[in-house]
Structure formats: structure tokens, C-alpha cells
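Here is the structure we will look at.
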Amino acid sequence: MQRHSVIWVFLCLIVLTGCGSTEEKWQNSQENIYEVDSMEREPQLSYEVPASMPGILVDRTGYLPKENKTVIFKGKDLPQEFYVVDQKTEQIVYQGYPEIRKEEGEEKEAYGDFSDFTASGTYYIEAPVLGKSYTFLISESVYDSLFQEACKQYYYNRCGMTLGSEYAGDKAHNACHTGKSVLRGNGSVSMDASGGWHQNENGEKSITAASRVMAVLMMSYELYPREYTDQEGIPESGNQIPDILDEIRYEAEWFLKMQDKQTGAVYAGVAVYEKTSYVEPACAEAEFAFAMAMAKFGFLYQKYDREYAMVCLKAADRAFKHAVLCEEADGREEKIWRFAAAAEIYRAAGQVSYQKYLVEYLSEGDFTLSEDMVQLSGCVTYISTKQPVNMVLCEKIMLLLLDRAEEISEAVRGSLYMVSAEAEDDSSRLLTQAVYLTVVNYVITNYEYTTMVENQLHYLLGRNETGLDYISDGTEEEPCVIKQFREDSMLVLMLAGIISGN
């Protein structure tokens, strides 16, 4: 009974914030025929241990002044004390004492806490036997530049336009993929498929892959709108529209190119093979994905350009109806896409006919929350809409969200690096967990969830076994997170939540 009372408190909080009554597997090109600075293909990180292991592990970017600040010590011998040293003056500004975690075995482990040191500046940790750590920053704006750079990755990957050095710096390049693309299976049909974002180094583009990213970016904007400015350094900056929405509109323009004007069908994307650019045939999954992304964008964009927002909403409605008319959603992925699309169109337009798809999906006896950002986005939209909803289903969603957050919390406890063991070698899994915790933490502020999300960021930024910054530094063998098409969007949401909390 107490658990249900907590959930109803959650729902009341949501009301105060606005609640009311495949992915295609693209055939890889054998040759990179376009020299563009694109997001990498593989999201996995290689955690191969280098020859020389660091003994002092810190977040190499830094820490917010008032957040928890923890350093990890590893080695055959551990120090009795450690020091925070000002990089500029080389003076000790703080002395701390490690808390031993493991004393047995060849390698011992300990934590050092310096949370009560809050002065802004650039520092490093020094300890007897182990030496010095990487330098790090303590500042109220420590993550701001990383957040801006993560958002700007999608601008760098724009297709079909020249990126000048004024906005792109050393990532500037001439317009690419400006020629016609051939419809796969019918060489007599060609179309203009330029625009949108490159999703890998070959310049391939998938509707479903793009929709996943758009869902996360837009969910982040909805939860933390104040973190998104109109001065991020893209051509549209200064137009009185948040730059993140300008960027998503650029992708939406490409989406509209991929929809058949007569039938409403949506081509699945563009693939490059043997120096030829192909448009992939339409399919129901791409149509539901298109409908979800365009309806969500139309809803958010109506306060800035109502006419264009209506174009997006009508396109979403046509795509959804074509998908339902031509094929039932039988597969799990298609059902998730259909649910998310119905949630967005229902919220934006209030069409009663879409309710049945929502109730059908959420009422299934085996309905659970998977690690799927599209499903999460659809659930958040459903419980926050001002349209009439089924409160029993809202409670069901909230229970599942809370249960998932508690599962992640339980998995983190006892971990040396303060992240779940299953996520230590999988950046995508770690970021997915961070997004879930961030969303739940938005609904009801929980200090434990806040700390866990911060710890996941610290892990990616150097407080891991190798001491590497997996977000910004990488090689061809170990691509950095910020250049991963899907993972970067989750990083954006994660950072927005942390910065907003600060």
C-alpha cells in the first residue's frame, strides 16, 4: 500500500510539470569514397589494459564544486594520505586519508574522498608511492564545453551542405552526397536523398537510427530546456530558436524528402555500396519511426513555427496510417515503434483513434521496460501528456521505471568504479542506465540516483581501470563515445541532467 502511495506522489509531481487528465542493418561499403568527419560505426569500447597502469584514478575533466569528489587508488602498496595540489602554485590545498577497500592480493584498492574541498581551480592528486594523477578542474562550468561539443557533433555530420571553418573549424568540408540516389531494386528510379546527418564514415543514413537519436535529444530538451541555448555556434544561432531544435529540423527536412508525397510511405534510408548511393525501400518499421520523430518534433516546434510544425504532424499521421494499412506490427521492434509513434501523435493532435494502440501495448501481460530509448521516450510522453490518459497504466509505467532504477542501483553497490559490472566494458549499456536514472531522477529527485549518474560520467572521463577518457579521446581501434552516433545523444541527455542539477 505504501508503494502505491509513493507512485501516486510521483504522478502528482508529473502533473505539476505538464501531465494531464529495424534499426536497419546497413550493408557496409568496402571502400570509403567520401572524406567526411563522420561518427564511427561501432559503439563498443576496447578496454585493453595498457602496459603501465595508473595508480591514481580521477575524472580527467573534473568535478562540480558541491558534488561528491572521489579518487580511486590501486597498487601493491597504498598511501596513508593523499594531497590535492594546485597545479599553478604547486601548493598542497587539501589533505585526505584513503579508505581501504581491499587489502588482500597483489593489488590493493582504496578510495579517497575530497568532497568538502570546493574551491574552483585546476588541481591534481599526489600520494606517496603512487605519484601524481592527471590534472582536473573544479568549476561550476566544468562540463559546459563538453556538453556543447556533444550537441555540436550532429552539426559536424550534416550531409549535403558545405561546413565552413567559421562554424566547423578543422572539421570543415565541402558539400557531399549532392547527387541523385538510386532506389534499390529499381534502377530506373532516382531521387534527391541529400541532407540529414551522416551516421558513419560512409555517409549512410537510416530513418530508424536517426529516430532513436532524435527521440533522446528531444526528450533531453523537454526535461532540461534551460540548458539549450541559441548560441552554440551553428549557422542558425541567433534566430531565437534553441540550436538543438534547429539541428533536429535539419534532420527533419531530410525525413520529409524520404516520404512519398502520394502514399505517405517512408523509404528506410540511404546506403552506400560500391560507389553508388542507394535509397532503401519503404517498410513499416521506418514509417512508425518516422511518425514518432516527426510528431515529437512537431509538438515541440509549434511555439516557434506553427506552420512547419503542422507539416511535420501531418507527415507523421500519413506515415503511421500507411504502416498500419500495409502491415501489422507483429515483431517486438515494430510494436515499440508503433507505441512510441502513437504516443507522440496522440499528445500532439489528441486524436482518439491513437489511444487504442497505446492501451493495447501497455496492457499486455508481459509488458516490461527494456533498455530501449524509444520505448522509454514513448512512456515518458504518455505519462506527461495533457490529453486524457489511463491512470492505471500511468501507475504501471511509474512502477516499472522505479523498479528499473532500483535494479541499476543494486547492481552499482559494491563496485570499485561505482558503476554496474555489466556496464564496465560497454559504453552503450552504461549510458542507457544513466539515461534511465536521469529520467527517474527528474520525476522525483533522489540523491542516490544523482550520485550514480555523476559516477557513471566520472567513469567515462577517466575514473576507470585504464584511466582513459573514453568520451573525448580515442583511436581507430578505440573510438571515443562523443563520435558514436547513438551514444552521443545519450551523453547529451546525461550531461544536461547533471548540469541542470548543479
Run the numbers on Asp192 and Lys257 for salt bridge (charged side-chain N to carboxylate O under 4.0 Å, His left out), then give the verdict. CA-CA 7 Å; Asp192 175 16; Lys257 284 185 177 182; 3.1 Å; yes
Output, in order, the C-alpha distance, side-chain angles, deciding distance and verdict of side chain to side chain contact (heavy atoms under 4.5 Å, CB included) for Tyr308 and Glu253. CA-CA 10 Å; Tyr308 188 78; Glu253 296 281 4; 3.3 Å; yes
What do the steps show when you test Ser472 against Arg60 for side-chain hydrogen bond (donor to acceptor under 3.5 Å, both in side chains), and what is the final call? CA-CA 11 Å; Ser472 301; Arg60 292 171 56 177; over 6 Å; no
Test log, rule side-chain hydrogen bond (donor to acceptor under 3.5 Å, both in side chains), inputs Asn186 and Ser188: CA-CA 5 Å; Asn186 187 351; Ser188 64; 2.6 Å; yes
Could you please spell out the steps behind the side-chain hydrogen bond (donor to acceptor under 3.5 Å, both in side chains) verdict for Glu407 and Tyr436? CA-CA 11 Å; Glu407 287 173 7; Tyr436 267 97; over 6 Å; no
Could you check Met292 against Phe288 for side chain to side chain contact (heavy atoms under 4.5 Å, CB included), going step by step and ending with a plain yes or no? CA-CA 6 Å; Met292 181 279 298; Phe288 286 131; over 6 Å; no
Test salt bridge (charged side-chain N to carboxylate O under 4.0 Å, His left out) on Lys483 and Glu201 and set out the steps. CA-CA 11 Å; Lys483 287 189 176 180; Glu201 69 274 17; over 6 Å; no
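With respect to the salt-bridge test (charged N to carboxylate O, under 4.0 angstrom), the residues Glu360 and Arg338 qualify. Glu344 has a carboxylate O that lies under 4.0 Å from a charged side-chain N of Arg347, or vice versa, which qualifies the two as a salt bridge. Checked for salt-bridge contact, Glu333 and Arg212 meet the test: a charged N lies under 4.0 Å from a carboxylate O. A salt bridge links Arg429 and Glu371; the closest N-O separation between the charged side-chain nitrogens and carboxylate oxygens is under 4.0 Å.
Residues Cys394 and Tyr382 are in side-chain contact: their nearest non-hydrogen atoms beyond the backbone lie under 4.5 Å apart. Side-chain contact between Ser165 and Lys171 is absent, with no heavy-atom pair separated by less than 4.5 Å. In this structure, Pro242 and Asp230 have side chains that are not in contact, with every pair of non-hydrogen atoms separated by 4.5 Å or more. You'll find the side chain of Tyr361 reaches within 4.5 Å of the side chain of Ile336, heavy atoms only. Side-chain contact between Gln387 and Gln355: absent, with no pair of heavy atoms (C-beta onward) separated by less than 4.5 Å. Val492 has its side chain out of reach of Val216: every pair of non-hydrogen atoms, C-beta onward, lies at least 4.5 Å apart. Ile241 places none of its side-chain heavy atoms less than 4.5 Å from the side chain of Arg249. Between Val439 and Leu223, the closest side-chain pair of non-hydrogen atoms falls below 4.5 Å.
Rounding to the nearest 0.5 angstrom, the gap separating the NZ atom in Lys303 from the CZ atom in Arg306 is 13.5 Å. Here Gln148 contributes atom CD and Leu495 contributes atom CG; the two are 11.0 Å apart, rounded to the nearest 0.5 Å. Taking CD of Glu140 as the start and NZ of Lys66 as the end, the distance is 6.5 Å to the nearest 0.5 Å. With rounding to the nearest 0.5 angstrom, the NZ atom of Lys180 is 8.5 Å from the OG atom of Ser194. Taken to the nearest 0.5 Å, the CG atom of Asn455 stands 8.5 Å off from the CD atom of Glu67. Leu358 contributes atom CG, which lies 9.0 Å from atom CG of Leu393 (distance to the nearest 0.5 angstrom).
Side chains of Arg332 and Ser370: a donor on one and an acceptor on the other come within 3.5 Å. When only modelled atom types and interatomic distance are considered, Tyr301 and Asp246 share no side-chain donor-acceptor pair under 3.5 Å. No hydrogens or angles considered: nothing links the side chains of Ser237 and Glu232 as a donor-acceptor pair under 3.5 Å. Using a 3.5 Å distance cut-off with no hydrogens or angles, the side chains of Ser427 and Gln484 do not pair a donor with an acceptor. When only modelled atom types and interatomic distance are considered, Trp197 and Glu247 share a side-chain donor-acceptor pair under 3.5 Å. Between the side chains of Glu236 and Tyr155, no donor N or O sits under 3.5 Å from an acceptor N or O.
The side chain to side chain donor-acceptor pair (under 3.5 Å) test applied to Ser500 returns no partner, not counting sequence neighbours. Taking the side-chain contact (heavy atoms from CB on, under 4.5 Å) definition, one finds that Thr263 meets it with Asp260, Ala265, His322, sequence neighbours left out.
Side-chain atoms of Glu287 never come within 3.5 Å of backbone atoms of Ala282 as a donor-acceptor pair (strictly under, hydrogens ignored). For the pair Trp337 (side chain) and Ala286 (backbone), a donor-acceptor distance under 3.5 Å is absent. Checked by atom type and distance alone, the side chain of Arg318 pairs as donor or acceptor with a backbone atom of Gln262 at under 3.5 Å. A donor-acceptor contact shorter than 3.5 Å links the side chain of Gln259 to the backbone of Gly264. Formation of a donor-acceptor pair under 3.5 Å by the Thr438 side chain with backbone atoms of Ala434 is found in this model. A donor-acceptor pair under 3.5 Å links the side-chain atoms of Asn441 to the main chain of Asn446, judged by distance alone. When atom types are taken as modelled, the side chain of Glu251 and the backbone of Gly195 share no donor-acceptor pair closer than 3.5 angstrom. Between the side chain of Thr162 and the main chain of Ala175, a donor-acceptor pair closer than 3.5 Å is present. Without hydrogens or angle criteria, Lys205 side chain to Ala193 main chain gives a donor-acceptor distance under 3.5 Å. At distances below 3.5 Å, not a single donor-acceptor pair connects side-chain atoms of Ser141 with backbone N or O atoms of Asp144.
A ring-centre distance under 6.0 Å is found for Tyr63 and His458. Here Tyr273 and Tyr278 keep their ring centres 6.0 angstrom or further from each other. With ring centers used as reference points, Tyr354 lies under 6.0 Å from Phe320. Aromatic pair Tyr250/Tyr154: centroids not less than 6.0 angstrom apart. Between Tyr228 and Phe147, the distance from one ring center to the other falls under 6.0 angstrom.
When all heavy atoms of Tyr167 and Gly233 are compared, the closest pair comes out as CD2-O, 3.4 Å.
Here the rule is side-chain contact (heavy atoms from CB on, under 4.5 Å) with Leu369, and of Leu400, Leu376, Asp403 only Leu400 fits it. Just one residue in the list Val419, Val481, Val435 forms a side-chain contact (heavy atoms from CB on, under 4.5 Å) with Leu430, and that residue is Val419. Under the side-chain contact (heavy atoms from CB on, under 4.5 Å) test applied with Asp469, the options Leu460, Leu461, Asp59 reduce to a single match, Leu461.
Glu307 CD: 12 or fewer foreign heavy atoms inside a 6.0 Å radius.
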